[in-house]
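Here's the structure, in structure tokens; my notes come after.
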Amino acid sequence: MSLRMNYREVNGPAFRAMMALEQHAGSRSKDKVLYELVKIRVSQINGCAFCLDMHGKDLMKLGNYADHILLLSVWREAPLFSAKERVLLEFAEQVTLISEAGVPLELYDKMLTHFSEEELVDWIMAINTINSWNRIAITTGMFPGCFG
């Protein structure tokens, strides 16, 4: 497998703009474990090996979350996820696959039982950020370890 292009070198301003969005989204998250779970789940849906590798390793740096990583793709059947995690994972899936059914009002309302409106905006930004990273990585041919 070979990298199609190193977009970081080809267009530094675009990379810096994405990093600014990433830094904003990351700084707003109070729960770093939940933040990484969202990144991993969205990356699973999008099929982004680069981001799955990176965020799986990032989550493991926060503690032993191997079971969470292994069961994340089947979170609905796995009892280890809390109600808060479940609603956010469902929300992340709906936002990622927004063209299929939008975001149902019932799910939006469920989100507001666990998060404030400001936090909801933060999660929308975080979900959109990882979706953008996935699209950049897949389009440019990034793979685990391609940047050293």
* Quick one: pull up CD in E93 and CD in Q44 and give me the separation to the nearest 0.5 Å. => 9.0 Å
* Is the backbone of L112 close enough, under 3.5 Å, to the side chain of E117 for a donor and an acceptor to pair up by distance? -> no
* **Co-membership, hydrophobic cluster, residues V103 and M125, 4.5 Å side-chain** => no
* To do: Give the intermediate values and the outcome of side chain to side chain contact (heavy atoms under 4.5 Å, CB included) for residues V121 and R28.
  => CA-CA 10 Å; V121 172; R28 299 290 296 172; over 6 Å; no
* Asked: Between C51 and S43, which heavy-atom pair has the shortest distance, and what is it?
  -> CB-OG, 3.3 Å
* Asked: Can you find a heavy atom in the side chain of F91 that is under 4.5 Å from one in the side chain of V87?
  -> no
* Structure fact -> Rounded to the nearest 0.5 Å, the CD1 atom of I69 sits from the CG atom of L59 at a distance of 4.5 Å
* Asked: Would I124 end up clustered with Y108 when hydrophobic side chains under 4.5 Å apart are linked, directly or stepwise?
  -> yes
* Asked: If we only count heavy atoms from C-beta on, is the S29 to L34 side-chain gap below 4.5 Å?
  -> no
* Do the rings of Y7 and W133 sit parallel, tilted or perpendicular, given the 30° and 60° boundaries? -> tilted
* Which pairs pass ring-ring contact (aromatic ring centres under 6.0 Å, His included) with one or both residues in residues 53-79, sequence neighbours excluded? -> Y65-H68, H68-F81
* To do: Before accepting this row, confirm whether a basic side-chain N of the pair K61/E36 lies closer than 4.0 Å to the acidic partner's carboxylate O.
  => no
* To do: Please tell me if the side chains of K32 and D58 come closer than 4.5 Å, counting only heavy atoms from C-beta onward.
  => no
* **ILVMFWY cluster, I98 and V38 together (side-chain gap under 4.5 Å)** => yes
* Structure fact -> Separation between CG (N11) and CE (M18), nearest 0.5 Å, reads 12.5 Å
* To do: Measure the shortest side-chain to side-chain distance between E106 and K110 over non-hydrogen atoms and say whether it is less than 4.5 angstrom.
  => yes
* Compare every heavy atom of C48 with every heavy atom of N134, then report the nearest pair and how far apart it is. => ND2-CB, 3.5 Å
* Heavy-atom count around K57 NZ within 6.0 Å, excluding the residue itself: above 12? -> no
* Taking C-beta and beyond as the side chain, do F115 and L88 meet within less than 4.5 Å on heavy atoms? -> yes
* Asked: Do side-chain atoms of N131 reach the backbone of I127 as a donor and acceptor pair under 3.5 angstrom?
  -> yes
* **Flag, side chain of R41 to backbone of L37, donor-acceptor distance under 3.5 Å** => no
* Interatomic distance, S116 atom OG to D122 atom CG [nearest 0.5 angstrom] -> 7.5 Å
* Would you please test L72 and L89 for side chain to side chain contact (heavy atoms under 4.5 Å, CB included) and show each step? => CA-CA 9 Å; L72 190 54; L89 291 169; 3.8 Å; yes
* If every non-hydrogen atom of L120 is compared with every non-hydrogen atom of M111, which pair is closest and at what distance? -> CD1-CE, 3.6 Å
* To do: Quick one: pull up CZ in R76 and OG in S73 and give me the separation to the nearest 0.5 Å.
  => 10.5 Å
* Is T139 reaching over with its side chain to a backbone N or O of I136, donor-acceptor style, under 3.5 angstrom? -> no
* Asked: Do you reckon I45 sits in the same ILVMFWY cluster as L107, going by side-chain contacts under 4.5 Å, direct or chained?
  -> no
* Test item: Y35 side-chain N/O and G26 main-chain N/O as donor-acceptor pair under 3.5 Å -> yes
* Would a hydrophobic clustering, with Ile, Leu, Val, Met, Phe, Trp and Tyr connected at side-chain separations under 4.5 Å, put L97 with I130? -> no
* To do: Indicate yes or no: at least one non-hydrogen side-chain atom of L105 is less than 4.5 angstrom from one of D109.
  => yes
* Structure fact -> OG1 (T96) and CG (N46) are apart, to the nearest 0.5 Å, by 6.0 Å
* Structure fact -> Heavy-atom nearest pair, A101 first then Q94, reads CB-NE2, 4.1 Å
* To do: Return the minimal non-hydrogen interatomic distance between R4 and I138, and the atom names on each side.
  => NH1-O, 4.2 Å
* H114 and E119: side chain to side chain contact (heavy atoms under 4.5 Å, CB included), yes or no, with the steps? -> CA-CA 9 Å; H114 295 278; E119 290 171 318; over 6 Å; no
* For residues A25 and A126, report the shortest heavy-atom separation together with the two atoms involved. => CB-CA, 4.0 Å
